[in-house]
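First up is the structure itself, then whatever we jot down about it.
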Amino acid sequence: MKYPILIALVFIMASCKNKQVKSDDILKLPYFNSADFTPEWHKATHKIPSFSFINQNGETVTNETYKGKIYIADFFFTSCPGICPKLTKNMAGIQEAYKNDTDIMLLSHTVMPWKDSIPVLKDYAERNHVNDKKWHLVTGDKDALYKIARQGYFADEDFIKTQNESDFIHTENFVLIDKQGYIRGVYNGTLEIDVERLKRHITILKGKG
């Protein structure tokens with residue numbers, strides 16, 4: 001009778017060990033290297049391209065501004081009556097949650113640069129309590145903004161269908177970027193449940209997941 005019991009114990013221990021391995025694997029985030037957002041777990045090929053825009057204070061913001069930082073990027077415009085107020089509110093909540101964490105930053109790109117001038121962005125930032133040391137609202141050349149939205153952050157879902165570069169970009173995505181400039185997560189920025197998932201994923205990234 002001893003041997004069957006011993007064998008059963010071995011199987012139970014092995015099962016527990018396998019479950020632990022699977023649990024550990026969950027504590028890692030995939031890489032997203034293409035616009036279809038197919039997760040790739042061990043291969044990073046797409047990095048956010050070089051960029052240079054102007055923030056709400058008239059300062060130049062580039063990749064160097066975010067070097068060695070985890071950051072959340074989104075796209076908005078200040079006169080948007082629809083989803084943008086919700087996106088901004090949720091970004092402000094993320095700012096508050098990580099206000100003392102120097103590893104976390106935020107980056108919001110206007111998709112209406114012909115209207116969102118530096119003074120307009122400044123006023124919007126003040127009304128929404130933007131901490132300009134942590135959160136940059138940027139404007140710049142329309143073509144450059146739209147190019148990085150589509151080719152950098154894969155932010156315009158409808159672009160895949162239309163393939164029209166002149167079409168207006170309007171996306172609800174929050175995009176999570178790691179310290180090396182790779183996309184590690186995409187979230188619906190209007191949904192509280194997805195914002196909470198984003199925060200959990202930030203914790204994983206901070207643990208080098």
Side-chain angles (χ1 to χ4, degrees), residues 48-150 152-156 168-179 181 183-192 194-196 198-199 201-202 205-206:
I48 299 302
S50 297
F51 61 83
S52 180
F53 300 117
I54 305 297
N55 74 2
Q56 66 268 26
N57 296 322
E59 301 164 339
T60 300
V61 172
T62 70
N63 304 72
E64 285 296 310
T65 310
Y66 291 87
K67 186 176 181 179
K69 304 291 183 181
I70 295 168
Y71 72 95
I72 301 95
D74 77 336
F75 294 83
F76 81 114
F77 58 104
T78 60
S79 57
C80 168
I83 65 172
C84 294
K86 184 67 173 178
L87 295 177
T88 300
K89 178 185 175 183
N90 286 337
M91 284 288 262
I94 294 169
Q95 174 185 253
E96 177 63 21
Y98 297 99
K99 63 183 178 183
N100 297 318
D101 190 333
T102 58
D103 279 341
I104 310 300
M105 294 184 69
L106 311 174
L107 176 59
S108 294
H109 311 71
T110 180
V111 295
M112 201 174 278
W114 57 93
K115 289 189 176 180
D116 288 338
S117 62
I118 294 168
V120 170
L121 289 180
K122 183 66 173 178
D123 177 67
Y124 189 84
E126 290 175 350
R127 285 189 282 113
N128 288 281
H129 309 290
V130 171
N131 176 353
D132 56 13
K133 291 182 173 57
K134 181 171 285 288
W135 185 2
H136 298 284
L137 313 181
V138 296
T139 188
D141 176 72
K142 178 197 170 186
D143 290 342
L145 285 162
Y146 278 40
K147 183 176 181 180
I148 200 164
R150 288 168 171 147
Y153 297 97
F154 309 129
D156 191 6
F168 180 65
I169 290 179
H170 203 189
T171 177
E172 59 200 13
N173 286 350
F174 283 176
V175 185
L176 178 62
I177 311 299
D178 68 16
K179 292 183 177 183
I183 298 175
R184 306 302 297 276
V186 183
Y187 315 84
N188 186 323
T190 68
L191 300 178
E192 295 291 342
D194 244 21
V195 173
E196 291 305 312
L198 166 60
K199 291 177 183 177
H201 288 181
I202 288 173
L205 271 190
K206 286 178 68 65

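The figures that follow rest on heavy atoms only: side chains count, while hydrogens, waters and symmetry mates do not. These figures come from a predicted structure and were not determined experimentally.
Considering all non-hydrogen atoms of both residues, Met105 and Lys69 come closest at SD-CG, 3.8 Å. Residues Leu107 and Trp135 approach most closely at N-CD1, 4.2 Å, considering heavy atoms. In this structure, Gln56 and Ile118 approach most closely via the heavy-atom pair O-CG2, 3.5 Å. What you find for Asn173 and Ala155 is that their closest heavy atoms are ND2-O, 4.1 Å. Across all non-hydrogen atoms, the minimal contact from Phe53 to Gly140 is CD2-CA, 4.3 Å. Ile83 and Thr171 get closest at one heavy-atom pair: CD1-O, 3.8 Å.
Put simply, the side chain of Asp141 gets close to the backbone of Asp143: a donor and an acceptor are under 3.5 Å apart. Side-chain atoms of His109 come within 3.5 Å of backbone atoms of Asp74 as a donor-acceptor pair (strictly under, hydrogens ignored). Remark: side-chain polar atoms of Asn90 are paired, donor with acceptor, to backbone N or O of Gly189 under 3.5 angstrom. Checking side-chain atoms of Tyr146 against main-chain N and O of Val111 turns up a donor-acceptor pair under 3.5 Å. Formation of a donor-acceptor pair under 3.5 Å by the Lys134 side chain with backbone atoms of Ile104 is found in this model. The backbone N or O of His136 sits nowhere less than 3.5 Å from a side-chain atom of Glu59 that would complete a donor-acceptor pair.
Between Leu176 and Leu198 the shortest side-chain heavy-atom distance falls below 4.5 Å. The shortest side-chain heavy-atom distance between Asn63 and Lys67 does not fall under the 4.5 Å cut-off. Side chains of Ile72 and Ile202 form a contact here, defined as non-hydrogen atoms less than 4.5 Å apart. Here the side chains of Lys122 and Asp132 are in contact, with some heavy-atom distance below 4.5 Å. Side chains of Thr60 and Ile54 form a contact here, defined as non-hydrogen atoms less than 4.5 Å apart. Counting heavy atoms from C-beta outward, Ser50 and Thr62 have side chains that stay 4.5 Å or more apart. Side-chain contact check for Phe154 versus Val175: every heavy-atom pair is 4.5 Å or farther apart. Using a 4.5 Å heavy-atom threshold, the side chains of Leu87 and Thr190 count as touching.
With sequence neighbours excluded, the residues forming a side-chain contact (heavy atoms from CB on, under 4.5 Å) with Val120 are Thr78, Asp116, Ser117, listed by chain and number. Shown here are the salt bridge (Lys or Arg N to Asp or Glu O under 4.0 Å) partners of Glu64, two or more places apart in sequence or in another chain: there are none.
In summary, Lys86 and Glu192 engage in a salt bridge, as defined by a charged side-chain N under 4.0 Å from a carboxylate O.
Between Phe51 and Tyr66, the ring planes lie tilted relative to each other; the angle falls in the 30° to 60° range.
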Just do the side-chain contact (heavy atoms from CB on, under 4.5 Å) check on Val130 and Met91 with the steps written out, would you?
CA-CA 9 Å; Val130 171; Met91 284 288 262; over 6 Å; no

Worked verdict on Tyr187 versus Val195 for side-chain contact (heavy atoms from CB on, under 4.5 Å):
CA-CA 7 Å; Tyr187 315 84; Val195 173; over 6 Å; no

Please report the C-alpha distance between Tyr124 and Thr88 in whole Å, then the side-chain angles of each, then the deciding distance to 0.1 Å, and finally whether the side-chain contact (heavy atoms from CB on, under 4.5 Å) criterion is met.
CA-CA 10 Å; Tyr124 189 84; Thr88 300; 2.6 Å; yes

So Ile183 and Ile177, side-chain contact (heavy atoms from CB on, under 4.5 Å) or not? Walk me through it.
CA-CA 5 Å; Ile183 298 175; Ile177 311 299; 3.7 Å; yes

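One distance of note links NZ of Lys179 with OH of Tyr71; it measures 14.0 Å at 0.5 Å rounding. One finds the CD atom of Glu196 at 9.0 Å from the CD1 atom of Ile94 (value rounded to the nearest 0.5 Å). Taking CG of Leu145 as the start and CZ of Phe75 as the end, the distance is 7.5 Å to the nearest 0.5 Å. In this structure, NZ on Lys115 lies 5.5 Å from OG on Ser79, to the nearest 0.5 angstrom. How far CG of Leu205 is from CZ of Arg184: 5.5 Å, rounded to the nearest 0.5 Å. Distance check, rounded to the nearest 0.5 Å: CG of Asn128 to CG of Asp123 gives 9.5 Å.
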